[in-house]
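Fair warning: this is a prediction, and the values are worked out from it, not measured in the lab. Here is the naming used below: chain letters follow the sequence lines, and residue numbers restart at 1 for every chain.
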Amino acid sequence: MANLSKTKNEMPVQDPKARAKNFDEVALGYTEQQARDEAERCLNCKNKPCQGGCPVGIDIPAFIQKIKGGDYEGAYQVIAKSSSLAAVCGRVCPQETQCESKCVRGRNGEPVAIGRLERFVADYHNAHKSGNVNKPQSNGHRVAVVGSGPAGLSCAGELSSRGYDVTVFEALHTAGGVLVYGIPEFRLPKKIVADEIENLKARGVKFEVNTVIGRTLLVDELFEDGYEAVFIGSGAGLPNFMKIKGEDLNGVYSANEYLTRVNLMKAYRTDSDTPIKHSKAVAVVGGGNVAMDATRCALRMGTERVVLVYRRSEAELPARKEEVEHAKEEGVEFMMLTAPVEVLGDEHKNVRALLCQKMELGEPDASGRRRPVPIPDSEFELEVDTVIAAIGTSPNPLIKNTTAGIDVQKWGGIITDENGKTTRDMVYAGGDAVTGAATVILAMGAGKDAAEQIDKKIRP
Amino acid sequence: MYKILEKQPLNPTVTRMVIDAPRVAKKARAGMFIILRVDENGERIPLTIADYDGDKGTVTIIFQIVGATTHKLNMLNAGDCICDFVGPLGNPTELDGLKKVAVIGGGVGCAIAYPTAKALHQNGATVHSVIGFRNKDLVILRDEFDAVSDKLVLMSDDGSAGQKGLVTDALKTLIEQGNEYDEVIAIGPLVMMKFVCKLTEQYGIKTVVSMNPIMIDGTGMCGGCRLTVGGQMKFACVDGPDFDGHKVDFDEAIERGKMYAEFERHAYDKACNLFKAGK
């Protein structure tokens with residue numbers, strides 16, 4: 001029975017007051033009944049506009065039809081044909097600007113909650129899967145993947161399903177890249193990432209952690225070892241700083257450092273040896289999803305006051321609307337049209353305040369957004385003991401510096417052609433290492449596309 | 001997992017371990033470092049490589065028991081395993097073209113200065129080593145330095161080993177005696193490196209220091225190891241760990257090193273109490 005409701009089934013979430021004090025997942029997931037009810041909102045359009053909005057081209061109407069019929073495992077199998085990380089994407093994809101933005105139901109009301117349905121299906125699969133895995137038949141070719149973030153995992157998954165013997169090299173001690181060091185537990189439980197990696201291992205993908213390509217091993221050595229192609233998905237891990245006075249003070253973090261301490265190193269748990277500052281008041285500078293993650297982690301660390309400092313207005317915040325709303329509900333203060341000028345310290349070089357100035361919006365700049373202009377004599381001190389800079393990251397130059405023949409852009413991004421091939425033969429790249437900081441799903445799409453191209457090249 | 005092949009206390013607070021890590025050993029050079037995690041809940045700590053043998057596939061680390069993690073590490077014995085051991089990270093010390101060098105080591109910093117002195121010696125350079133300790137009980141690597149140095153001066157704060165005084169006193173004497181060094185390489189406590197640099201600046205001798213700040217990943221990701229060098233922000237892990245000592249802002253680095261002092265004190269007490277209670 002078609003569901004003509006103009007609104008999505010609401011996602012059940014933890015109460016904001018309670019969740020602001022714990023690291024458990026915020027969104028609880030649809031029940032079976034909610035999922036089937038939501039699936040009934042899908043019109044099963046013949047031309048499938050939603051599929052065109054998906055960077056990995058999932059046959060969205062097909063999986064939703066399976067949900068309607070109660071065949072959740074069948075629905076998972078439809079997604080699995082195009083995506084190796086359904087449980088991750090169902091949680092962190094910006095569906096509102098991708099698949100759901102193309103949904104016909106969105107023209108008059110809210111689109112179908114495709115992301116929530118994807119998550120339901122993936123969680124169902126992970127809860128009910130049998131131990132039996134269909135290990136693909138080996139084709140005898142070996143490929144190395146550098147980095148175990150979304151691009152690397154997706155590339156490895158696609159290659160392995162085509163029969164390749166794939167080894168993924170990871171610099172940190174845990175595989176998952178930004179999915180484990182960056183995105184917090186309450187948005188993406190690490191168990192889910194670990195499950196997805198176990199799925200890949202069960203299919204024969206090998207993981208070598210604690211291996212820094214460019215230091216422990218060189219790309220050239222991978223070829224010498226018999227890998228026929230190398231995919232670089234090393235991400236954009238180098239944090240940008242604000243370049244203002246006082247950034248050297250104790251209590252100034254890059255969002256990368258703060259999030260890594262909390263997420264990868266589990267500094268929020270009492271049994272972790274990793275230290276972190278227990279702050280009274282935190283200012284997070286920036287407006288993207290990473291900034292939202294930093295504010296919400298800071299709250300959960302027991303910080304009394306968490307302020308987001310952003311130089312444009314709320315309309316320009318690059319973060320997902322859902323993240324902004326969640327952060328507000330939990331108690332993050334939004335200080336818009338405010339720019340940091342200097343971090344002020346006490347006599348022990350600890351942060352005591354962030355000197356800010358108010359801004360107003362002027363003419364549009366190169367990005368098309370209205371340029372923030374300082375208002376004269378509007379400086380004020382925001383009393384905080386911690387400042388977190390969440391103003392973007394750049395690609396890591398390590399591989400470029402240690403590998404001949406890989407050209408990069410002026411800002412560090414690896415140059416590739418439309419097939420994901422770098423300027424060096426048999427070396428491919430994708431994800432943030434190529435585009436600069438972007439989304440999980442775009443990186444996954446790039447990894448998957450590169451896998452196809454590598455396959456075409458090795459087995460023409 | 002990375003197996004501990006040998007363990008040897010060098011003095012009551014400093015331990016030497018030889019770790020089975022063939023890939024790290026193959027690429028290791030003087031001046032580079034590793035990051036290790038003792039166990040699943042452990043923090044990641046950087047340690048500069050004290051020695052390496054690419055053929056045997058071993059890497060030697062020498063650490064001072066200063067906090068909870070080094071205490072935990074020191075609880076392990078030969079045959080036990082370290083959970084994670086990654087490297088080699090950072091850039092090797094640049095030794096090419098150096099003909100005569102003064103290598104200055106302070107305390108446990110001698111562990112890092114030693115492979116540099118050894119590499120210089122193997123390159124055929126004249127090596128004058130000055131190593132300093134608080135007292136005779138804390139002296140480490142004396143014979144090792146002796147074997148690779150054309151001249152070795154041992155200093156101690158209280159005069160119980162070698163000459164009484166600071167490494168800067170000995171270096172000053174060597175310079176005043178007319179030794180012309182292409183470079184001074186100083187590795188030790190921040191305060192020591194700062195004063196070595198102040199001294200050599202007066203004589204216009206290029207001085208390289210090895211920085212070992214707080215860091216997590218060691219690949220440029222966290223920015224926690226940032227320093228100001230020549231007025232610019234540098235990351236010790238990817239831009240260093242060696243820097244031109246005359247350009248390093250030591251006072252800032254000293255303050256940054258205290259960031260987690262309180263946390264570390266608590267963690268250390270906790271670890272020691274656990275140990276006293278019989279684990």
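Heavy-atom minimum distance, F85(B) versus N210(A): N-ND2, 3.9 Å. What you find for P239(A) and M221(B) is that their closest heavy atoms are CD-O, 3.2 Å. Across all their heavy atoms, N250(A) and R256(B) have their closest contact at OD1-CA, 3.2 Å.
Within 6.0 Å of NZ on K7(B) lie more than 12 heavy atoms contributed by other residues, nucleotides or ligands. Within 6.0 Å of NZ in K3(B) there are 12 or fewer heavy atoms belonging to other residues, nucleotides or ligands.
Atom CG of residue D217(B) and atom CD of residue E257(A) lie 9.0 Å apart, to the nearest 0.5 angstrom. Remark: C222(B) SG to L238(A) CG distance equals 10.5 Å, nearest 0.5 Å. Taken to the nearest 0.5 Å, the NZ atom of K258(B) stands 11.0 Å off from the NZ atom of K349(A).
Just one of R37(B), E43(B), R44(B) meets the side-chain contact (heavy atoms from CB on, under 4.5 Å) condition when paired with D273(A); it is E43(B).
The candidate with the highest count of non-hydrogen atom pairs below 4.5 Å against chain B, out of L218(A), I276(A), N401(A), is I276(A). Of the listed residues I214(B), N41(B), V86(B), the one with more heavy-atom pairs under 4.5 angstrom with chain A than any other is N41(B). Interface summary for chain A: among L227(B), V238(B), D84(B), the most heavy-atom pairs under 4.5 angstrom belong to D84(B). Considering only heavy-atom pairs separated by less than 4.5 Å from chain B, the leading option among N396(A), V212(A), D271(A) is D271(A). Of the residues considered (L259(A), D248(A), T274(A)), D248(A) shows the highest number of contacts with chain B, using heavy-atom pairs under 4.5 Å. Here G90(B) is the residue among C83(B), G218(B), G90(B), A253(B) with the most heavy-atom pairs under 4.5 Å with chain A.
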Working for side-chain contact (heavy atoms from CB on, under 4.5 Å), residues K27(B) and R215(A)
CA-CA 7 Å; K27(B) 291 281 162 40; R215(A) 287 281 183 238; over 6 Å; no
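For D251(B), no part lies near chain A; criterion is any non-hydrogen pair under 4.5 Å. Both the backbone and the side chain of L89(B) come within less than 4.5 Å of a heavy atom of chain A. For R23(B), the parts lying under 4.5 angstrom from a heavy atom of chain A are both the backbone and the side chain. Using a 4.5 Å cut-off between heavy atoms, M32(B) touches chain A through its side chain atoms alone. At a 4.5 Å heavy-atom cutoff, the contact between K277(A) and chain B is made by backbone and side-chain atoms alike. Residue contact with chain B, scored on non-hydrogen atoms closer than 4.5 Å, involves the backbone of T270(A) exclusively.
A distance-only check finds no donor-acceptor pair linking the side chain of S254(A) to the backbone of G223(B) [under 3.5 Å].
Classification of the F235(B)-F241(A) ring pair by plane angle, with boundaries at 30° and 60°, yields perpendicular.
Look at K266(A) and E40(B) and you find no salt bridge, because none of the NZ, NE, NH1 or NH2 atoms lies under 4.0 Å from a carboxylate O.
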